Trainee: 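Below you will find the structure I want to go over with you.
Residue numbers begin at 1 in each chain, while the letters A, B, ... track the order of the sequences. Note that the structure is a prediction, hence the values are computed from the model and not measured.
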Amino acid sequence: MSNYLESLNSAQREAVINTEGASLVIAGAGSGKTRVLTYRIAHLLKKGIEPSAILALTFTNKAAREMKERIASEVGNNVSRHLWMGTFHAIFSRILRAEAATIGYPTTFTIYDTQDSKSLIKSVIKSLNLEDATYKPGVILNRISTAKNNLITPVAYHQNAQQREADQAARIPRTSEIYLEYTKRCKNAGAMDFDDLLLITNILFKNHPDILAKYQQTFLYILVDEYQDTNFSQYLIVKRLAETHQNICVVGDDAQSIYSFRGARIENILNFKNDYPGFATYKLEQNYRSTQVIVDAANSLIAKNKHQLQKTVFSENAKGERIKVLTATNEHDEGYLVANEIFDHRMQDHDNFSDFAILYRTNAQSRVFEEILRKRNIPYKIYGGLSFYQRKEIKDILSYFRLIINSKDDESFKRIINYPARGIGATTLNKLEDAAGISGCSIWEVATYPEKMLLAGLNVGVIKKISVFTQLISKFSNQFATTEAYEMANKIASESGILSELYQDKSPENLSRYENTQELLNAIQDFSIAAKEEGRPDGLQIFMEDVALLTDQDNDKEGDTDKVTLMTVHSSKGLEFKNVFIVGLEENLFPSGFSGTLTLSELEEERRLFYVALTRSENQAWLSFAQQRFRWGKPEFCNPSRFIGEIDHQFLDVQNSRSIPQFRNQELRDDNSNRHLQRDETKYTLPRRPELQGQRMQIAKSVLPSGSEPFVSDSPDKIKLGMFVEHERFGRGKVLNIEGKMPDMKAKVFFPNAGEKNLLLKFAKLKISDQAE
DNA sequence: CCACAACCTTTTTTT
DNA sequence: AAGGTTGTGG
């Protein structure tokens, strides 16, 4: 083992070697937090503590894996792999599977992801005869999630006056009923959602002191990373487990708490002193990551927070350049400016593409940047968004696996009963679901009893189709316990007809689906091989245990190549880059669905988010925003200066916004974004007649400038037209999408107004002059 | 009763 | 991009 203690500063060293009792490590951004945690664990192991007596909880799989790797390099994989190290959800799902019998769940319980939960809530809403326009499944799920994170059961929720008042005010008074029914249905399906993993762990520990005692004795040392992001449910689990030994070390930074939307309580870290009176504090205040300017700018921002623990983050690195502020007219222009900066900076400093990161608040914001980077031939990789395991084609296959493992998993049943199509439609499924709801059993139980289906009003032909399906699943169920994962997965994929379904359609979209499916099968093969080598069980069931808890960041296959990184600020936590762009600042100020003024706590969270984003950067940061954004096709004017104004201006280098060629204002937008050019129009209907296509083209030609390349849509009841242009920098794009509606043959076309006509002519000229070059 | 096509709507952040 | 909705046709 290397002499790690010498590589640490005194505060870090103290935090590593004082392993007994309660420790609170306040770790500013970039202060070597992960190193302290890693070495502390290594130190414990060196002192002779069994790895299986150490519990280390993190927030992301990535953080857990990284730490594991670093510890493995200190003490060897054979020791490190016995550590209890992982996310709260991963660790406690493991414990819940081990104790499943005690709490009335099958060992093979399914973990419902957000999509499953929403879909279930939707059917609950329907079964209670409520409108899903008023009771929006997403909103209801959020409320239920908040309740669960605060350990409020459906009954407590129902009795809680405050809760009911809030629901009344939001005009969703029957939320508590939905919560109750949702809980019942999850239980019936042998399923837990993400929040249940923590909630039910708490229930388990509360109701079964013997089991709690067992784990209290198992975990002699407990470490928690990102403690400021724990919610009440997580906090209580940790508190219970640490009760006897009190050997607990939490690491966190109140200034980096950015998960309050998920129930994170900053109080947990602020109140640590009350929970563990004999605690010791270690403050890691030296930032090794960023330049002084970046650290100071971040501090000037965070200083405005009302509640905080006293600490002074400082850097002894070079002073560094001021932070550049870029102003763009709209999001396309913003992408263009960022791409330019990357190019310039690369030339100047010989930076690699992988030295750059573009951070934004929401995944949807990546689109514009992807577009421009593609056009400029800048390689990029994108984290987040739809995780691999959430893609439709992957979820379809996984649903087969899930249903085979746990036949009560209704969400999977609903997903695959008619995929690939076997002539079972919505009506049939509704009847099945209703019947299951009435008798309080799973859909599977109805679908495997012909008598029950007859009772549900299904006819013999449909029952036969359903039986073919259930028999297929049953056949797999009989095999899967004794068959190795890869072989089983292959069998299911081909015999269910999924593979041939995907194979038949050769569209590019489908091709990627096919490839993704193959990739999943490869991953399962890798799992099988690894399991065999290490002598672990190699069944599909084991593979499936953690899949619901995996996220996109766990796909590192293209990790080492030289690419610009695009991701949300949230997922950038724990990473660092030489150069960071924080873009779409106007959207940070005005998150979607937001209206009115920010509350103080919302504002604080936004500040922290921004602080985290800033300190990701080693030496250069850019802040950029668009003054005008196009949302729902309408321009939206933003005032991001309010937020940037909170940073001390001495750290900022506000660039003069460059003169932007006129046309870029009217940039090549997609169909949706052009809607602001449309006027109100009378709606007419037009019978679906293919012979109109020629006429539409004629009309288009008469309206559009000569020399342009018109397009018309084949929509049945309206005429849509516009033209394509080619531009050297932006490539081919649709310029205008004018929509008009016609009553049968008398074409009443929506003509562009004068301004729009000019615009069209301008683009027509542009095309011609570009070609002339 | 179901399949398929076309169109519309919606899109915080993570486990 | 994916789900929801509507309309057509089998």
Trainee: Over how many whole Å does the gap from A/Lys122 atom NZ to C/dG3 atom C1' extend?
Mentor: 7 Å

Trainee: Please tell me which of the listed nucleotides, B/dT15, B/dA3, B/dT13, lies nearest to the side chain of A/Asn418?
Mentor: B/dA3

Trainee: Could you state the atom-to-atom distance from CG of A/Asp116 to C1' of C/dG3 in whole Å?
Mentor: 15 Å

Trainee: Grab the CG-P distance between A/Asp396 and C/dA1 for me, whole Å please.
Mentor: 17 Å

Trainee: Please check if the side chain of A/Asp396 supplies one atom and the backbone of A/Tyr419 the other of a donor-acceptor pair under 3.5 Å.
Mentor: no

Trainee: Grab the NZ-P distance between A/Lys395 and C/dA1 for me, whole Å please.
Mentor: 19 Å

Trainee: Counting heavy atoms from C-beta on, name the nucleotide in B/dT14, B/dC1, B/dT12 closest to the side chain of A/Thr362.
Mentor: B/dT12

Trainee: Which word best sums up how the rings of A/Phe205 and A/Phe92 line up, parallel for under 30°, tilted for 30 to 60°, or perpendicular for over 60°?
Mentor: perpendicular

Trainee: Respond yes when some side-chain nitrogen or oxygen of A/Thr427 is under 4.0 Å from OP1 or OP2 of B/dC2, and no when none is.
Mentor: yes

Trainee: Considering only B/dT15, C/dA2, B/dC2, which nucleotide approaches the side chain of A/Arg513 most closely?
Mentor: C/dA2

Trainee: Measure from CZ on A/Phe59 to C1' on B/dT13 and round the result to the nearest Å.
Mentor: 14 Å

Trainee: Quiz question: going by heavy-atom distance under 3.5 Å, is there a donor-acceptor pair between the base of B/dT15 and the side chain of A/Thr114?
Mentor: yes

Trainee: Can A/Phe261 be said to stack with the base of B/dT12, given centres closer than 5.5 angstrom and planes under 30 degrees apart?
Mentor: no

Trainee: How long is the straight-line distance from OG1 of A/Thr427 back to CG of A/Leu432, given to the nearest 0.5 Å?
Mentor: 11.0 Å

Trainee: The side chain of A/Leu549 lies closest to which of these nucleotides: B/dT13, B/dT15, C/dG3?
Mentor: B/dT15

Trainee: Side chain of A/Lys431 only, please: which of B/dT15, B/dT13, B/dC1 is the nearest?
Mentor: B/dC1

Trainee: What class does the angle between the rings of A/Phe109 and A/Tyr105 fall in, given that below 30° is parallel, 30 to 60° is tilted and above 60° is perpendicular?
Mentor: perpendicular

Trainee: Please identify each residue that fulfils ring pair (Phe, Tyr, Trp, His ring centres under 6.0 Å) with A/Tyr112, with sequence neighbours left out.
Mentor: none

Trainee: Nearest-Å distance, CD (A/Gln256) to C1' (B/dT13)?
Mentor: 16 Å

Trainee: Nearest-Å distance, NZ (A/Lys136) to P (C/dG3)?
Mentor: 19 Å

Trainee: Nearest to the A/Thr87 side chain among B/dA3, B/dT15, B/dT13, which nucleotide is it?
Mentor: B/dT15

Trainee: Write down the distance between CD1 (A/Ile200) and P (B/dT15), rounded to a whole number of angstrom.
Mentor: 20 Å

